[in-house]
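Quick notes on the structure that follows.
Source: prediction; values computed, not measured. Just the heavy atoms: all of them, side chains too, but no hydrogens, waters or symmetry mates, feed the values below. If you read the sequence from its start, that first residue is 1, and numbering goes on from there.
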Amino acid sequence: WVRLGDFSKAWAVITRQEYGSLSLFSGFSRPMTAALAWGLLRHLAQGLWTGTSALTLGLAFLGGWELWRRDRTLAGGLGLTLFFFGPIFLLMTRFDLSGWVARSVLETAFLIPVLVVCAASAFGLARLAGRPLVVAALALAAAGSVAWAQAGLMFHRDDFSAWDYGKDLRRVLPPGSAAAAGGDTAHFVMSYLELVRPSTAPRRLLPYLDARGTRVDYTLGLPAEALDQLGLKGRLQPAGLAQRVVAGAPDLSGTGPPWELSVLRRGAALRKQESYARDILLSYAFAHYLSGQILESAGAEQAAFKHYLRAAALDPEDYQLEVIKR
């Protein structure tokens, strides 16, 4: 954040101003109840189970006993680390885990608890130091069981999600254009593309909060309230994954937006619903949804319904259709 060169922005980063200071993300938080607390603790237990293995957890329990016998200060330090970064942290989030976005945000929260469990399991092996063959067999079994369970998650040879999304964005956004964008998915993939496949006239993606008073050619992933803040309501033309800003009223009488240019292949990450790939899928769904909103406001209800249908097909959890019989 030092590189920002702006103290107010740096302070906003430190205090998590965008998400709400002293909270992980208020949009997912709910009032604490016994059911919510139990769900979060169960989610932690499941994360430790899938992040390690039954054998590792068993060795960790044995290691906790051994560590307490050897060095109670170190044992207490590891115990407090697990306690505060595990159950206390998850309970403080008060996250509603019914949505995949909240669950994906918590994925990195398991890193420190899993490391503590692995460290404790090493002391569990030390408890059996007098039996070197048993120690070697258990260590190999612990490593092998995790590799067997998790190896598939590391296989991304057929994952073209970010690549396809980046190319589709480049097709929609002309070189040298500026787009006000919401969320970090598009920012990440376009920044990465500029590193591996630089463009002679790169596109500028601006966080919509920084786009005020700036010439904006396109919008990307912005909800209605953000469009109101930028004064762009009623000035947008559907353009596939983005929306083009027009000078006057948009002309919606021609053919539909160039969705035929968008190609998103279904790789392993999408099939397994991994968080980043699903976030990309949500970007396609939201673009269809916003195209439907623009068309519906202009009276093109039949064309709008096709986009709503596509949004619901791409992301049925967030976009649901309500059919009204007349």
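- Between Phe110 and Leu44, the closest heavy-atom pair is CE2-CA, 3.6 Å.
- Checked against the 6.0 Å centroid threshold, His187 and Tyr192 do not count as a close aromatic pair.
- Nearest heavy-atom pair, Leu241 versus Val172, reported as atom, atom and distance to 0.1 Å: N-CG2, 4.0 Å.
- In plain terms, the two heavy atoms of Leu173 and Arg203 that are nearest each other are O-NE, 2.8 Å.
- A donor-acceptor contact shorter than 3.5 Å is absent between the side chain of Thr56 and the backbone of Thr52.
- Residues Ser104 and Ser275 bring no donor and acceptor atom of their side chains to less than 3.5 Å of each other.
- In terms of modelled atom types and a separation under 3.5 Å, the side chain of Asp315 and the main chain of Leu282 share no donor-acceptor contact.
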Inset, instruction - Any chance you could lay out the side-chain contact (heavy atoms from CB on, under 4.5 Å) test for Asp164 and Lys167, step after step, and finish with the verdict? - result: CA-CA 5 Å; Asp164 291 340; Lys167 288 197 298 183; 4.2 Å; yes

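- Tyr284 and Asp168 share a donor-acceptor pair across their side chains, judged by distance under 3.5 Å alone.
- No donor-acceptor pair closer than 3.5 Å links the side chain of Thr219 to the backbone N or O of Leu222.
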Side-chain atoms of residues 118-127: list all donor-acceptor pairs with protein atoms under 3.5 Å, sequence neighbours left out, distances to 0.1 Å.
| unit_1 | atom_1 | unit_2 | atom_2 | d |
| --- | --- | --- | --- | --- |
| Ser121 | OG | Cys118 | O | 2.6 |
| Arg127 | NH1 | Glu66 | OE1 | 3.0 |

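- Here the closest non-hydrogen pair linking Ala162 and Val189 is O-CG2, 3.0 Å.
- Cation-pi geometry between Arg244 and Tyr218 is not met at under 6.0 angstrom from the ring centre and within 45 degrees of the axis.
- Residues Met32 and Leu91 share a closest heavy-atom pair of CE-O, 3.3 Å.
- Nearest heavy-atom pair across Leu295 and Ala304 is CB-CB, 4.0 Å.
- Judged by distance alone, with hydrogens and angles left aside, the side-chain atoms of Thr185 form no donor-acceptor pair with the main-chain N or O of Asp279 at under 3.5 Å.
- Ring centroid separation for the pair Phe188 and Tyr276 comes in under the 6.0 Å cut-off.
- Between Leu138 and the options Val134, Val135, Leu140, a side-chain contact (heavy atoms from CB on, under 4.5 Å) holds for only Val134.
- Proximity of a side-chain donor or acceptor of Arg271 to a complementary backbone N or O of Arg266 within less than 3.5 Å is detected.
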Inset, instruction - Applying salt bridge (charged side-chain N to carboxylate O under 4.0 Å, His left out), run through Arg170 and Glu194 and close with a yes or a no. - result: CA-CA 11 Å; Arg170 279 191 170 182; Glu194 284 304 315; 2.9 Å; yes

